[in-house]
Chemist: 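Take a look at this one; I'll ask things after.
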Amino acid sequence: MSRRAFVIGHPVAHSRSPLIHGYWLDQYGIAGDYVKIDVAPEALPGFVTELRAGSFVGGNVTVPLKQDMMALCDETDALTRAIGAVNTVYLDGDRLIGTNTDWFGFLANLDAITPGWDKCPGPAVVLGAGGAARGIVAGLAKRGFAPIRILNRTASRAEALARDLDTALGVRIEGAGLARFAEIAGESTLVVNTSTIGMNGTRFEHLPLDLLPETALVSDIVYTPLVTPLLAEATARGLRTADGLGMLLHQATPGFEAWFGTRPEVTGELRALVERDMGLA
């Protein structure tokens with residue numbers, strides 16, 4: 001019997017998830033389908049009723065529905081509750097299970113392209129205090145990085161997020177404005193940009209990467225462009241870097257396994273397919 005999965009959001013036309021999951025369905029010869037559906041926030045409860053009735057085996061949830069979906073699930077894991085958002089759901093009997101795979105995708109991407117990056121976890125810097133930062137901080141805490149400093153243009157947002165996650169994750173997390181980067185850069189082992197800065201030619205101003213240790217890793221979850229101004233500067237200074245496209249690919253694997261029963265592999269061929277579709281290659 002063919003299984004159906006979905007990605008929902010509002011809007012959702014831009015999603016590459018059907019391309020990724022369609023590729024895996026073809027590669028593994030699985031009878032199934034993966035579709036994108038625009039669901040407005042007010043229509044989400046009705047959609048979940050259809051899901052529970054067996055219309056789908058599960059799916060992905062993107063903005064602005066991640067927090068609303070969490071409230072409609074029967075069960076979520078502790079890390080997902082700490083992150084405060086659900087991006088993957090599946091049915092277990094008559095129970096709707098919600099989880100968050102963003103942190104997994106982030107870690108798996110770094111594991112794949114920079115092996116050993118977490119061998120000696122230490123202080124880490126997370127740039128941005130939006131929804132994406134929550135998953136990244138949770139992943140870093142899971143790998144033993146501490147303290148984790150959240151820096152944001154609006155310091156109060158970083159401070160509020162740090163207080164929230166410090167309690168939820170049980171790890172020392174601090175929040176401050178971007179100006180504090182110069183003070184803490186020298187001891188930082190990792191810098192991750194979770195903000196939208198880097199898109200459309202935007203760049204961080206007065207972020208002295210030259211103060212970082214020469215062994216530091218600089219990662220950016222932005223993948224359009226693949227090489228953001230932050231990554232270009234880090235490379236020019238001889239630092240290790242990691243772009244964000246791999247996170248998009250790896251975060252999709254747990255959901256595919258839950259819906260279709262096969263753990264898929266992120267390959268160079270899949271990455272090249274997505275790069276072509278996005279006009280990056």
Side-chain angles (χ1 to χ4, degrees), residues 1-25 30-105 128-136 138 157 161 164 168 194-196 199 221-224 247-249 251-261 274 277-278:
M1 182 178 69
S2 177
R3 295 178 158 223
R4 299 185 74 218
F6 60 80
V7 57
I8 56 172
H10 185 67
V12 77
H14 64 284
S15 175
R16 262 75 185 190
S17 291
L19 179 66
I20 296 168
H21 291 286
Y23 170 86
W24 283 331
L25 288 170
I30 296 172
D33 193 18
Y34 184 100
V35 297
K36 53 186 171 185
I37 306 171
D38 193 302
V39 176
E42 61 270 19
L44 184 60
F47 180 85
V48 170
T49 297
E50 294 181 23
L51 168 59
R52 291 180 181 277
S55 299
F56 299 92
V57 293
N60 290 124
V61 184
T62 188
V63 293
L65 307 175
K66 291 183 177 185
Q67 290 179 310
D68 291 344
M69 178 62 86
M70 188 168 179
L72 297 172
C73 291
D74 297 309
E75 181 181 328
T76 54
D77 58 88
L79 196 59
T80 296
R81 291 192 295 274
I83 294 169
V86 161
N87 77 333
T88 302
V89 295
Y90 61 93
L91 287 171
D92 183 7
D94 61 354
R95 293 178 60 76
L96 182 62
I97 312 300
T99 189
N100 188 297
T101 65
D102 286 336
W103 66 269
F104 172 87
R134 302 183 72 97
I136 301 304
R157 287 195 65 191
L161 180 57
D164 187 17
T194 70
S195 75
T196 58
M199 294 180 179
I221 71 168
V222 171
Y223 52 84
T224 51
M247 177 179 167
L248 172 70
L249 304 178
Q251 63 82 28
T253 61
F256 188 91
E257 182 178 23
W259 310 319
F260 301 113
V274 176
D277 185 70
M278 298 174 70

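No experiment lies behind these values; they were computed from the predicted model shown.
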Chemist: Can you confirm whether N87 sits close enough to M69 that some side-chain heavy atom of one is under 4.5 Å from a side-chain heavy atom of the other?
Modeler: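 No, too far: nothing below the 4.5 Å cut-off.
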Chemist: Using 0.5 Å steps for rounding, measure from the CG atom of L79 to the OG1 atom of T99.
Modeler: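 Rounded to the nearest 0.5 Å, the CG-OG1 separation comes to 8.0 Å.
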Chemist: For the CZ atom on F260, are there more than 12 heavy atoms of other groups (residues, nucleotides or ligands in this structure) within a distance under 6.0 Å?
Modeler: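 More than 12 within 6.0 Å, yes.
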Chemist: Quick one: does D102's side chain get under 4.5 Å of I221's, heavy atoms only?
Modeler: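 Sidechains of I221 and D102: no contact.
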Chemist: Carefully, step by step, assess V35 and I37 under the rule side chain to side chain contact (heavy atoms under 4.5 Å, CB included).
Modeler: CA-CA 7 Å; V35 297; I37 306 171; 4.1 Å; yes
Chemist: Taking C-beta and beyond as the side chain, do I97 and C73 meet within less than 4.5 Å on heavy atoms?
Modeler: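 I97 does not reach C73 side chain to side chain.
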Chemist: Can you tell if the side chain of Y34 reaches within under 4.5 Å of the side chain of I20, non-hydrogen atoms only?
Modeler: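 Y34 does not reach I20 side chain to side chain.
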Chemist: Kindly indicate whether the side chain of L65, heavy atoms from C-beta on, has any atom under 4.5 Å from the side chain of P41.
Modeler: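 A side-chain contact exists here, since the closest heavy-atom pair is under 4.5 Å.
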Chemist: Flag yes if more than 12 heavy atoms outside Q67 fall under 6.0 Å of its CD atom; otherwise flag no.
Modeler: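 No, not enclosed.
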Chemist: With a 4.5 Å limit on heavy-atom distance, are the side chains of I8 and F56 in contact?
Modeler: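 A side-chain contact under 4.5 Å is absent here.
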Chemist: Inspect the contact between D164 and R134 and indicate whether a charged nitrogen and a carboxylate oxygen are less than 4.0 angstrom apart.
Modeler: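 Looking at R134 and D164, the cut-off is met.
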Chemist: Is K36 reaching over with its side chain to a backbone N or O of A13, donor-acceptor style, under 3.5 angstrom?
Modeler: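 A pair under 3.5 Å: yes.
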Chemist: If you measure from CH2 on W103 to CD1 on I136, what distance do you get to the nearest 0.5 Å?
Modeler: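 Rounded to the nearest 0.5 Å, the CH2-CD1 separation comes out at 11.5 Å.
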Chemist: A side-chain contact here means heavy atoms from C-beta on lying under 4.5 Å apart; do R4 and S55 qualify?
Modeler: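 A side-chain contact is absent here, since even the closest heavy-atom pair is not under 4.5 Å.
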Chemist: Identify the two heavy atoms, one from A138 and one from I83, that lie closest to each other, and give their separation to 0.1 Å.
Modeler: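 Answer, listing the atom of A138 first, then I83: CB-CG1, 3.7 Å.
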Chemist: Apply side chain to side chain contact (heavy atoms under 4.5 Å, CB included) to the pair L51 and V89, showing each step before the final yes or no.
Modeler: CA-CA 10 Å; L51 168 59; V89 295; 4.2 Å; yes
Chemist: Would you say the side chain of L91 lies within less than 4.5 Å of the side chain of L96, judging by non-hydrogen atoms?
Modeler: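 They are in side-chain contact.
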Chemist: Determine, step by step, whether L72 and F47 satisfy the side chain to side chain contact (heavy atoms under 4.5 Å, CB included) criterion, reporting the C-alpha distance in whole Å, the side-chain angles of both residues, the deciding distance to 0.1 Å, and the verdict.
Modeler: CA-CA 11 Å; L72 297 172; F47 180 85; over 6 Å; no
Chemist: Run the numbers on T88 and F104 for side chain to side chain contact (heavy atoms under 4.5 Å, CB included), then give the verdict.
Modeler: CA-CA 12 Å; T88 302; F104 172 87; over 6 Å; no
Chemist: To check you understand the geometry: which heavy-atom pair defines the closest contact between T194 and A133, and what is its length?
Modeler: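 T194 and A133 have their closest heavy atoms at OG1-CB, 3.4 Å.
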Chemist: Which word best sums up how the rings of W24 and H21 line up, parallel for under 30°, tilted for 30 to 60°, or perpendicular for over 60°?
Modeler: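 Because their plane-to-plane angle is over 60°, the rings of W24 and H21 count as perpendicular.
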Chemist: Write down the atom of G130, the atom of L161, and the distance for their closest heavy-atom approach.
Modeler: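 The answer is O-CD2, 4.3 Å.
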